[in-house]
Amino acid sequence: EVQILETGGGLVKPGGSLRLSCATSGFNFNDYFMNWVRQAPGKGLEWVAQIRNKNYNYATYYAESLEGRVTISRDDSKSSVYLQVSSLRAEDTAIYYCTRGRGDYWGQGVMVTVSS
Amino acid sequence: DVVLTQTPPTLLATIGQSVSISCRSSQSLLHSNGNTYLNWLLQRTGQSPQPLIYLVSKLESGVPNRFSGSGSGTDFTLKISGVEAEDLGVYYCMQFTHYPWTFGGGTKLELK
């Protein structure tokens, strides 16, 4: 059974940083691209970043609105993907979801609140 | 960026009624490899999005066949043939033919 579990969310002050983790199991992690998607309270879905697999040299792609403030990375030995977000702003407050490949599996999400 | 416009924003239906949701793209979603990367998702209240359809018309595993997807190029449709109570929530179309991936604004399906 495919499982995706995000951790690392919480309350952060504006200007702070956060590292989100996404632990996966139940599939061959090495074969898949991985993505982060976020959803602000009461709003729609926004793609944040993607990291490809080793076959594609772990290429990364970012939403332009976040580029320069986010870094996606992965550890194939741990079947995990990470999202480092810095210079956090109130508008980064959202549920952050980790998704597999073409979006066929989603985690339950982790809440990030940016507030003083 | 590709803009996906979903209509209607809200859909009122009775149980058993058939409904359709439209998703129009600002540019063609046909990839150079011949695939069209258009998905449909359902997000029930308080839950994470659940994938329903990929590549325009292919049902994800476990999705009831009352759901169907169609379309090509820039115009796509999700049809529910006989709404059931468990189908209520917000439906999103999503494209990943082009970076950045983008989502439609959502269509909320409610009971009439």
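Treat the numbers as computed from the prediction; the structure is a model and nothing was measured. Heavy-atom basis, side chains included; hydrogens, waters and symmetry copies ignored. By convention in this document, chain letters (A, B, ...) are assigned in the order of the sequence lines, proteins followed by strands, and residues within each chain are numbered from 1.
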* Approximate separation, where rounding is to 0.5 Å, of B:Tyr99 OH and A:Trp47 CH2 -> 6.5 Å
* From A:Tyr105 OH over to B:Ser48 OG, what is the distance, rounded to the nearest 0.5 angstrom? -> 12.5 Å
Can [Y] be reached from [X] by stepping across I, L, V, M, F, W or Y side chains whose heavy atoms are under 4.5 Å apart?
X	Y	result
B:Val2	B:Leu55	no
B:Leu29	B:Val3	no
A:Trp36	A:Leu66	yes
B:Leu52	A:Val2	no
B:Leu30	B:Val56	no

* Asked: Which residues from residues 106-116 of chain A are near chain B, with near meaning under 4.5 Å between non-hydrogen atoms?
  -> A:Trp106, A:Gly107, A:Gln108
* Among residues 70-101 of chain A, which residues come closer than 4.5 Å to chain B, judged by heavy atom distances? -> A:Tyr97, A:Gly101
* Taking every non-hydrogen atom, the tightest pair across A:Leu45 and B:Phe103 -> O-CD1, 3.4 Å
* Asked: Which pair of heavy atoms, one from A:Gly103 and one from B:Pro51, lies closest together, and at what distance?
  -> O-CG, 3.1 Å
* Can you tell me if CG on B:Asn65 sees more than 12 non-hydrogen neighbours from other groups inside 6.0 Å? -> no
* Would the number of heavy atoms belonging to other residues, nucleotides or ligands and lying under 6.0 Å from CZ of A:Arg102 be above 12? -> yes
* Asked: Heavy-atom distance under 4.5 Å to chain A: side chain of B:Gln47, backbone, both or neither?
  -> backbone
* Structure fact -> Turns out that what part of B:Leu41 lies under 4.5 Å from chain A's heavy atoms comes down to side chain
* To do: Let me know if A:Glu46 has heavy atoms under 4.5 Å from chain B in its side chain, its backbone, both or neither.
  => backbone
* Which bit of A:Val48 is near chain B, if near means a heavy-atom gap under 4.5 Å: side chain, backbone, both or neither? -> neither
* Measure the shortest side-chain to side-chain distance between B:Tyr54 and A:Asp104 over non-hydrogen atoms and say whether it is less than 4.5 angstrom. => no
* Can you list the residues that meet the ring pair (Phe, Tyr, Trp, His ring centres under 6.0 Å) rule with B:His31, with sequence neighbours excluded? -> B:Tyr37
* Structure fact -> Those residues of residues 70-96 of chain B that come under 4.5 Å of chain A on a heavy-atom basis, listed by number, are B:Tyr92, B:Met94, B:Phe96
